[in-house]
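Structure, as structure tokens:
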Amino acid sequence: MRLSRYFLPTLKETPSEAQIASHRLMLRAGMIHQEAAGIYSWLPLGFKVLQNIEQIVREEQNRAGAIEMLMPTLQPAELWKESGRYEAYGKEMLRITDRHKREMLYGPTNEEMLTAIFRTYCRSYKELPKILYHTQWKFRDEVRPRFGVMRGREFLMKDAYSFDIDEAAARRSYNRMFIAYLNTFSRMGLQSVPMRAETGPIGGDLSHEFIILAETGESAVYCHKDLVDMPSPGLDVDFDGDLQALVDESTALYAATEDVHDEEAFMKVPEEKRLSARGIEVGQVFYFGTKYSEAMKATVTLKGGGEQAVHMGSYGVGVSRIAGAVIEASHDEDGIIWPMAIAPFKVGIINLRQGDTDTDAACDQAHQVLENAGAEPLYDDSENRAGAKFARMDMIGLPWQLIIGPRGLKDGVVELKERATGERQTLSLDAALNLLEKQCVRSE
RNA sequence: CGGGGAGUAGCGCAGCCUGGUAGCGCAUCUGCUUUGGGAGCAGAGGGUCGCAAGUUCGAAUCUUGUCUCCCCGACCA
């Protein structure tokens, strides 16, 4: 993509409303545009990131055996009256009345809707187990939205719902999502730590929040240090096999958020391994049994006759929030540092002397070769001076910068800079293009 | 929802106390010079001062109301 044809409204100055790094950088890098408190337009660069995140989530959901669908943003109030949550949800729920005076709402989540779908079509134990998911915009009318997309009112969320015959089977679904989440975040270059979370009225140990450690995290967290560099299970996991051992491995060590923190248990962690930090929740897995299926009469017939309310769980990933969380976890004074997997472009080509015949030609060639190879280049062909181009490229944080100028070309070389480390190497254009193809093209 | 702060050009801000032709920096446009880490000079365009009432000869400035945004807290993916 040529920058001159793209839409990338970057800002040199920081808008005054942005307090934390990710919010500031998303505005400055031209990723988002605020429409109202907690509501954002996603400009092209931000939208690419959002799509990359969504796609990784999708691939890992599918790999774990979940089935994708799509439910609407607007829901009829009746569903929520059935479950009792229409009253319980309070002012956070955005209620709307249509022209026929029917009560509607902008969905904050979809348990009711999917439970209603399930009960309509699935009547037998033979239909189980099932995990269905979608990625859709939600709305929660937070009293006080903040931190940009990390805590907006409108947000994009992947939510999955599992249906099983009993608690033991529900645990297997839970485990699938648990492992899928570890892989999902790992693929995005994020080290996630599953932490015990509040389970609500159901009790038990079946709820975990997936936390990314970051200084600006919204909640205090406590965990065993070894969890911070525990490898993810890997994409070759057999999701049809028994995942319990893998889950146990990830949950054996102490890890809890503020809400459920147990100081006594934490003290049993060797002192040098105790980590108390702040974290951002990017996902949550939750088993809630028959809470909705009973209220909404989602039952299946049993093998031996009789009926059973299905055991359910729900599994959320904050897709739009992750865009902010990644930046919180990965930036420096100069700007964003995108992990390769979700970077909006993989390499930025910097033309140091726009208008110089040789430099223009070399840049054009690099651009074309990388574009054709699928390395997703962004070519800064603007008339700006070198310094401005460097600064902007650092800010938007593409993993690689290919720097081409007349000075180097005289000696037949270009410069390649890795954003994360700042390391530069000088090499021939061909060698640079070869290296970039290896680094930036996704092999599948 | 309690407490605090702010709305003046696309962005960042001054002006308000003490009413009298609306300013600065960045950005944008034109020209010349410059060209490897956010260039220099010269010029130009762009604002019903959030909105509404009121006071006044006269309101960005004073008064009242209202809307919006931000911060701290409570709440939350």
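Hydrogens, waters and symmetry mates play no part in the numbers below; they use all other heavy atoms, side chains included. Per chain, numbering begins at 1; letters A, B, ... match sequence-line order.
- Between U55(B) and G3(B), the two P atoms lie 31 Å apart (nearest whole Å).
- Below the 3.5 angstrom threshold, one finds no donor paired with an acceptor across the side chain of Asn384(A) and the base of G38(B).
- At distances below 3.5 Å, not a single donor-acceptor pair connects side-chain atoms of Arg95(A) with backbone N or O atoms of Met104(A).
- Atom P of nucleotide G31(B) and atom CD of Glu383(A) are separated by 12 Å, given to the nearest angstrom.
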ask   = Can you list the steps and then say if Phe210(A) with Phe178(A) is a ring pair (Phe, Tyr, Trp, His ring centres under 6.0 Å)?
value = CA-CA 9 Å; Phe210(A) 289 73; Phe178(A) 189 104; 5.2 Å; yes
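- Figure legend. G12(B) is base-paired to C24(B); pairs are counted as Watson-Crick or G-U wobble with both atom distances under 3.5 Å.
- Here Phe155(A) counts as stacked on A77(B): its ring centre is under 5.5 angstrom from the base ring centre and the planes meet at under 30°.
- Put simply, the side chain of Arg144(A) and the base of G3(B) share no donor and acceptor less than 3.5 Å apart.
- Residue contacts for Gly408(A): at a heavy-atom cut-off of 4.0 Å it reaches a base atom on one of the strands shown.
- With hydrogens and angles ignored, a donor-acceptor pair under 3.5 angstrom links the side chain of Arg151(A) to the base of C76(B).
- The partner of C76(B) cannot be assigned: no Watson-Crick or G-U wobble pair with both contacts below 3.5 Å exists in any strand.
- Counting only heavy atoms from C-beta on, Ser16(A) has its side chain closest to G12(B) among C75(B), A77(B), G12(B).
- Taking only side-chain nitrogens and oxygens, Arg385(A) comes nearer than 4.0 Å to OP1 or OP2 of A39(B).
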message = Evaluate His261(A) against Phe266(A) for ring pair (Phe, Tyr, Trp, His ring centres under 6.0 Å), listing each step before the verdict.
response = CA-CA 8 Å; His261(A) 179 53; Phe266(A) 188 50; 5.3 Å; yes
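- Contact check for Asp380(A) versus Arg2(A): no side-chain heavy atoms found under the 4.5 Å cut-off.
- Considering only the side chain of Glu13(A), C26(B) comes nearest among C26(B), A77(B), G73(B).
- Across all strands shown, Gly387(A) has heavy atoms under 4.0 Å from sugar-phosphate atoms exclusively, and none from any base.
- At a threshold of 4.0 angstrom between heavy atoms, the contacts of Asp159(A) with the nucleic acid are absent.
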request  = Check the pair Glu258(A) / Ser219(A) against side chain to side chain donor-acceptor pair (under 3.5 Å), numbers first and verdict last.
outcome  = CA-CA 7 Å; Glu258(A) 209 166 9; Ser219(A) 45; 5.7 Å; no
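- Residue contacts shown for Lys91(A) are limited to sugar-phosphate atoms, with no base heavy atom under 4.0 Å away.
- For the pair Glu17(A) and Arg392(A), both in contact range of RNA chain B, the more 5′-proximal nearest nucleotide belongs to Arg392(A).
- Contacts of Ala386(A) with the nucleic acid, taken as non-hydrogen atoms under 4.0 Å apart, involve only primed sugar atoms and P, OP1 or OP2.
- Base engagement by Lys417(A) is indicated by at least one non-hydrogen atom pair under 4.0 Å involving a base atom.
- The pairing partner recorded for A6(B) is U68(B), the criterion being a Watson-Crick or G-U wobble arrangement whose two distances lie under 3.5 angstrom.
- A donor-acceptor pair is defined here as one N or O able to donate and one able to accept, closer than 3.5 Å; such a pair exists between the side chain of Ser83(A) and the backbone of Arg85(A).
- In this structure, Glu209(A) reaches neither bases nor backbone, as no heavy-atom distance under 4.0 Å exists between it and the strands shown.
- Among the heavy atoms of the strands, none lies under 4.0 Å from Gly355(A).
- Summary of the strand contacts: Lys389(A) and Ala18(A) both lie near RNA chain B, and taking for each the nucleotide with the nearest heavy atom, the more 5' one is attributed to Lys389(A).
- Here Leu352(A) lies in heavy-atom contact (under 4.0 Å) with a base.
- Comparing C76(B), G36(B), G38(B) by their closest approach to the side chain of Glu415(A) singles out G36(B).
- Here, C69(B) and A27(B) have their C1' atoms 23 Å apart, quoted to the whole Å.
- Using a 4.0 Å heavy-atom distance criterion, Gly405(A) is classed as a base contact.
- Looking at heavy-atom distances under 4.0 Å, Gln354(A) makes no contact with the nucleic acid at all.
- Within 4.0 Å (heavy atoms only), Thr109(A) reaches no atom of the nucleic acid at all.
- Ring geometry for Phe286(A) against Phe288(A) counts as tilted: the plane angle lies between 30° and 60°, on a 0 to 90° scale.
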